[in-house]
Amino acid sequence: MNSKALGGLDIGSLRACNLALITKWWWRYKDDTEGIWKKVITCIYGDQGGLGVTIPLGKRNTVWGRITNVCKDLEPFNIDLNTLFYRRNDYGGNSNGSKWCWSLDASGDFTVSSLRKEIDKSFLESTNTPTVWTNIVPGKINIFIWRARLGRLPTRANLARRGVGIPSTLCPMCNAFEENEDHIFKYCSTTRELGALLRLWWKDALNENDSLDNLIGVNSIHKKRQQKEIYHGCDL
């Protein structure tokens, strides 16, 4: 669920998405200068609209009261909205102008995705290896390879580790070694035969490597970007 840069599929959690969407109302309040709705909120909750300050107890259970309370919901993720929003002076070259900005996006504007990723990064599982994704093959193949790299395929070794009753953990194709991800994709005799044919077809463009990560890392070869995608997609 984490970002692809952190080894996920960039889906994100519903919890993070919900908190980010609520926080967008903070941005709308700060960024809007003439809206009638903002004037109404200001009249009820004060000059800051109750954002980042303590509001009276009787107003906390209202819709806007819950929006102002999102800063406390973000505290478990070590996120302080009062530091992420900042005032930028001399905006657009105008010495009399200023604008609220958002520090998690290079543009300075608030984006739901930037906050969602920041929240997800604090509690979702991540790896040091970015997710490999090739657009020229179906998405289900990319997801299959992603699961393989994380060791989450229903191989016999994984099933036995999870307590599933199976007669043997040996590979059913060669019956010589334990069936795990590296064996299926690289060391099984059937896989090696298919790999040899594939390398012959591509005239040795695909090298015989020694692990699953290296096998799907063929896009590091010195080719043009389009050629890398083709080689990589074919290897997958």
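Bear in mind that the values here come from a model prediction, so they are computed numbers and not experimental data. Positions are given from 1 along the sequence. Side-chain atoms are counted along with the backbone in the values below, which use heavy atoms only and exclude waters and symmetry mates.
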Qualifying residues under side-chain hydrogen bond (donor to acceptor under 3.5 Å, both in side chains), relative to Thr42, sequence neighbours excluded: Tyr29

Please report the interatomic distance CG(Leu81) to CD1(Ile79), rounded to the nearest 0.5 Å. 7.5 Å

Minimum heavy-atom distance His183-Cys171, with the two atoms named: NE2-CB, 3.2 Å

Between Phe77 and Phe123, does the ring centroid distance fall short of 6.0 Å? yes

Can you name the residues that form a side chain to side chain contact (heavy atoms under 4.5 Å, CB included) with Ala16, not counting sequence neighbours? Ser13, Arg116, Ile119, Asp120

ring-ring contact (aromatic ring centres under 6.0 Å, His included) partners of Tyr86, counting only residues at least two apart: none

Co-members of Met173 in a cluster of I, L, V, M, F, W and Y side chains, linked at under 4.5 Å: none

For Leu19, is there any backbone N or O sitting under 3.5 Å from a side-chain donor or acceptor partner on Thr23? yes

Under the salt bridge (Lys or Arg N to Asp or Glu O under 4.0 Å) rule, what pairs show up with a residue in residues 66-75, not counting sequence neighbours? none

For the student: nearest non-hydrogen atoms of Pro154 and Arg147, plus distance: CD-NH2, 4.2 Å

With the side chain counted from C-beta on, respond yes when Leu115 and Phe110 share a heavy-atom pair under 4.5 Å apart, and no when they do not. yes

So, taking the atom named OG1 in Thr190 and the one named CD1 in Ile184, what distance separates them when rounded to the nearest 0.5 Å? 11.5 Å

What's the verdict on side chain to side chain contact (heavy atoms under 4.5 Å, CB included) for Trp26 and Cys71, showing C-alpha distance, side-chain angles and the deciding distance? CA-CA 10 Å; Trp26 280 52; Cys71 57; 3.9 Å; yes

Taking side-chain hydrogen bond (donor to acceptor under 3.5 Å, both in side chains) as the test, write out the residues that go with Ser107, two or more places apart. Asp105

Reported CG-to-CG distance for the pair Asn180 and Leu153, which is rounded to 0.5 angstrom: 10.5 Å

Quick one: which residue pairs count as a side-chain hydrogen bond (donor to acceptor under 3.5 Å, both in side chains) with a foot in residues 47-64, not counting sequence neighbours? Tyr45-Thr62

Can you run down the salt bridge (Lys or Arg N to Asp or Glu O under 4.0 Å) pairs that involve residues 25-42, sequence neighbours left out, and say none if there aren't any? Asp31-Lys99

Identify, with sequence neighbours excluded, every residue that meets side chain to side chain contact (heavy atoms under 4.5 Å, CB included) alongside Pro172. Arg156, Glu179

Kindly compute the distance separating CD1 (Ile22) from SG (Cys17), expressed to the nearest 0.5 Å. 10.0 Å

Per-pair distances, 0.1 Å, donor-acceptor, side chain in residues 161-170, under 3.5 Å, sequence neighbours excluded:
unit_1	atom_1	unit_2	atom_2	d
Arg161	NH1	Asn158	OD1	2.5
Ser168	OG	Leu170	N	3.1

ring-ring contact (aromatic ring centres under 6.0 Å, His included) involving Trp100 - partner list, sequence neighbours excluded: none

Between atom CH2 of Trp27 and atom CG of Leu84, what is the distance when rounded to the nearest 0.5 Å? 12.0 Å

Val70, Ile44: one ILVMFWY side-chain cluster at the under-4.5 Å cut-off? yes

From CH2 (Trp102) to OG1 (Thr111), nearest 0.5 Å: 8.0 Å

Is it true that Val40 and Leu51 fall in one hydrophobic cluster, defined by side-chain heavy atoms closer than 4.5 Å? yes

